[in-house]
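One structure below.
Hydrogens, waters and symmetry mates play no part in the numbers below; they use all other heavy atoms, side chains included. As the structure lists them, so they are numbered: ligands from 1, and atoms in each ligand from 1.
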Amino acid sequence: MSIATPLTTTLQRSPPPLVPSFSPIHATTVSVTGIPKRCLLRMVTSCVSHSQSSVQNGVTDAVVSGRNQIRLGLPSKGRMATDTLDLLKDCQLSVKQVNPRQYVAQIPQLPNTEVWFQRPKDIVRKLLSGDLDLGIVGLDIVSEFGQGNEDLIIVHEALNFGDCHLSLAIPNYGIFENINSLKELAHMPQWTKERPLRVATGFTYLGPKFMKENGIKHVTFSTADGALEAAPAMGIADAILDLVSSGTTLKENNLKEIEGGVVLQSQAALVASRRALTERTGALDTVHEILERLEAHLKAAGQFTVVANMRGTDAEEVAARLKTQPSLSGLQGPTISPVYCKRDGKVSIEFYAIVICIPKKALYESVQQLRAVGGSGVLVSPLTYIFDEETPRWSQLLSNLGL
Ligand SMILES: Nc1ncnc2c1ncn2[C@@H]1O[C@H](COP(=O)(O)OP(=O)(O)OP(=O)(O)O)[C@@H](O)[C@H]1O
Ligand SMILES: O=P(O)(O)OC[C@H]1O[C@H](OP(=O)(O)OP(=O)(O)O)[C@H](O)[C@@H]1O
Ligand SMILES: [Mg+2]
């Protein structure tokens, strides 16, 4: 197929460019292929017109401690550690760590930023103490150790890994056999002032808060650092409050979740200290860049680029045919470009190349719709980044900071 692949998915009603090019002023959505990785964000930034032209931090360093570097805390161990590094790498923000036991590292793309590897709960504590400015941790840890402190700001709440939920679980045998909801658990006659419901948990802030909010009075908590699921069978606790993802650990230990027993849903999040963002020079610019890269990568991760040829008289006629189908509009509209064929020594336009972004989940139905309106030679490739004109989370952050 002979296609000049345009770089945007915007519907271009005037004849589309033969040579891929960014519009310096009007690009609203930019998907990216074929430029040096290190130039990516700079190129997109000059391409997209921001309503917020530059970021002023306002108050200067005098108010916060005298260091010049922005500090980003990343999990030093556990299941989040590798996934965090992988995500940053996918955003062209690879972390250069000399060896795994060294707790400070660099991201060459962010020269004013130091990475500090810490345990997740210490990332939250250090954000609050001012020793870190930004961090990536699970929302469960933010809630447990942040305890609603207004200095903690969740900049991106859905980094698409570390999915789990914090849930109350009880044995599926004995006196609990017919108990299936928090209400039923609360109304069991067994729990009294003298003999309260005993809950084992590592979440000693969220646990009591949840029980209080649900009106459960006769309850006590014990804590352990891991393997909590053993506590009921060992006779140490009646119930546990712990993280669940696949549910296998609960099942293997004869425990069950109950209706109304989910305390929170969690996944990895980008978190920042409000004080750092408003007072530390460069912190807001750094978080803007990280946020843009994350959003562009995460948005693209759910999409394919689809390129197909369609026979047609002109671009408008092809566009009209595409618009009859529900799933072929792309992000803003299809890009349609003429395909120049050589026939009998003469150049003619019989086909148009269309480029659209399609949600991965809708791929097959979209291909069927394309075929139904005369699409052929359908090429499907993964998308790496989608940079929007402005990320909604950035506007939210600015308004949250009162900027
Ligand atoms: N089963 C799970 N599936 C998915 N994500 C999880 C799961 N358990 C925990 N997480 C997420 O990963 C984070 C880190 O959990 P992890 O178990 O790796 O560390 P930890 O429990 O703090 O360390 P350790 O278990 O060694 O004490 C949690 O705070 C949560 O956000
Ligand atoms: O629903 P599942 O997929 O079975 O996952 C749940 C388990 O994962 C976590 O434990 P982890 O593996 O971190 O061990 P730990 O108890 O030592 O923290 C959590 O504390 C549960 O025990
Ligand atoms: Mg664990």
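Side-chain contact annotation: E257 with S167, donor-acceptor N/O pair under 3.5 Å present. The closest side-chain donor-acceptor pair between W394 and Q396, if any, does not fall under 3.5 angstrom. With hydrogens and angles left out, the side-chain atoms of T113 and Q69 include no donor and acceptor closer than 3.5 Å. Remark: the D151 side chain and the S273 side chain contain an N/O donor-acceptor pair separated by less than 3.5 Å. With no hydrogens or angles considered, a side-chain donor-acceptor pair links N112 and T286 at under 3.5 Å.
Among L243, I141, V142, the residue whose heavy atom lies nearest to atom 9 (C) of ligand 1 is L243. Nearest-heavy-atom check against atom 10 (N) of ligand 1 across H165, K121, R79 picks out R79.
Of all the atoms in ligand 1, the ones that sit under 4.0 Å from a non-hydrogen atom of D140 are 28 (C), 29 (O), 30 (C), 31 (O). Atoms of ligand 1 found under 4.0 Å from any heavy atom of G162 (numbered from 1 in listed order, with element): 5 (N). Listed by atom number, the atoms of ligand 2 under 4.0 Å from S246 heavy atoms are 1 (O), 2 (P), 3 (O), 4 (O). For ligand 1, the atoms lying closer than 4.0 Å to a non-hydrogen atom of M80 are 12 (O), 13 (C), 14 (C). Listed by number with element, the atoms of ligand 2 under 4.0 Å from a non-hydrogen atom of D242 are 19 (C), 20 (O), 21 (C), 22 (O). Residue E229 has at least one heavy-atom neighbour below 4.0 Å for each of these atoms of ligand 2: 21 (C), 22 (O). Taking every non-hydrogen atom of G78 and a distance limit under 4.0 Å, the qualifying atoms of ligand 1 come out as 18 (O). Interface of G138 with ligand 1, defined as ligand atoms under 4.0 Å from a residue heavy atom, comprises 31 (O). Counting the atoms of ligand 2 from 1 in the order shown, those under 4.0 Å from a heavy atom of G226 are 16 (O).
For D163, every heavy-atom contact with ligand 1 shorter than 4.0 Å involves the backbone, none the side chain. Under 4.0 Å from ligand 2, not a single heavy atom of C164 appears.
Within the 4.5 Å cutoff, the side chain of T305 has no heavy atoms near those of the V380 side chain. Between R343 and E350 the shortest side-chain heavy-atom distance falls below 4.5 Å. The side-chain heavy atoms of F117 and V95, taken from C-beta on, include a pair separated by under 4.5 Å. Contact annotation: the side chain of Q109 approaches that of R293 to within less than 4.5 Å [non-hydrogen atoms, C-beta and beyond].
Any N or O atom pair closer than 3.5 Å counts here, and L250 shares no such pair with ligand 2. Inclusion of V244 in the set of residues having an N or O under 3.5 Å from an N or O of ligand 2 is not warranted.
With V306 as reference, I356 is the one residue of V367, L328, I356 to meet the side chain to side chain contact (heavy atoms under 4.5 Å, CB included) rule.
Here side-chain hydrogen bond (donor to acceptor under 3.5 Å, both in side chains) pairs that include residues 358-368, with residues two or more places apart or in two chains, are S327-E365.
Ligand 2 has R79 within reach: a non-hydrogen atom of the residue lies less than 4.0 Å from it. Using 4.0 Å as the threshold, K77 has a heavy atom nearer than that to some atom of ligand 1.
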